[in-house]
Trainee: 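Just dropping this structure here.
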Amino acid sequence: MMSRIEVVPINRVAVTAFVICAGAGAVLSGLTRHPAPAIAGGLIGVYLLFAIKVVQQWEKVALLRLGVTLACAAGIFHVVPVFETISNHIDQRVRVHSVTAESTLTATRFR
């Protein structure tokens, strides 16, 4: 049996923050002719890449912070990668299924 591999979608907000920080560090490094701003910008960008999370409008998540559970609604929020984790995204959309009366009566009759 093959195990299912779940691919996490790319968080565009976090990638944008990474690119901005890395780019600003590279520009400052070019202006000062010193590698420290590029390294700092890259490290801050990598941190933000893992720290910024986005929850869609129809989802909710539970933020687990050192034993305390917090509910996070839709939007952008910050997670400290070492101390906090998020649960699976809970889909709150309403799903409609068509059920015929015959199948409902038959299913409840033989219980």
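As the structure is a prediction and not an experimental result, all values here were calculated from the model.
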Trainee: Could you pull out all residues at least two apart from Ala38 that satisfy side-chain contact (heavy atoms from CB on, under 4.5 Å)?
Mentor: Ser29

Trainee: Under the criterion side-chain contact (heavy atoms from CB on, under 4.5 Å), I'd like the reasoning laid out for Lys53 against Ile86: C-alpha separation, chi angles, the key distance, then a yes or no.
Mentor: CA-CA 9 Å; Lys53 303 294 179 188; Ile86 59 172; 4.3 Å; yes

Trainee: What residues form a side-chain contact (heavy atoms from CB on, under 4.5 Å) with Val13, not counting sequence neighbours?
Mentor: Asn11, Ile52, Val54, Ile76

Trainee: Got a sec, which hydrophobics cluster with Ile39, joining ILVMFWY side chains under 4.5 Å apart, including via others?
Mentor: Leu43

Trainee: Indicate if Val55 and Trp58 have the same hydrophobic cluster label, given that clusters are the connected sets of ILVMFWY residues with side-chain heavy-atom separations under 4.5 angstrom.
Mentor: no

Trainee: Filter on salt bridge (charged side-chain N to carboxylate O under 4.0 Å, His left out), then keep only pairs touching residues 24-36, sequence neighbours left out; what's left?
Mentor: none

Trainee: Tell me who clusters with Leu64, hydrophobic residues only, linked when side chains sit under 4.5 Å apart either directly or through other members.
Mentor: none

Trainee: Applying ring-ring contact (aromatic ring centres under 6.0 Å, His included), name anything that partners Phe50, two or more places apart in sequence or on another chain.
Mentor: none

Trainee: Under the side-chain contact (heavy atoms from CB on, under 4.5 Å) test, which residues partner Ile44, sequence neighbours left out?
Mentor: Cys21, Leu48

Trainee: Which residue pairs satisfy the ring pair (Phe, Tyr, Trp, His ring centres under 6.0 Å) criterion with at least one member in residues 61-81, sequence neighbours excluded?
Mentor: Tyr47-His78

Trainee: Can you tell me which residue pairs pass the salt bridge (charged side-chain N to carboxylate O under 4.0 Å, His left out) test with a partner in residues 66-88, sequence neighbours excluded?
Mentor: Arg65-Glu84

Trainee: How does the hydrophobic cluster around Ile20 look, that is, which other residues are in it when side-chain heavy atoms under 4.5 Å mark a link?
Mentor: none

Trainee: Taking side-chain contact (heavy atoms from CB on, under 4.5 Å) as the test, write out the residues that go with Ala62, two or more places apart.
Mentor: Thr69, Ser87

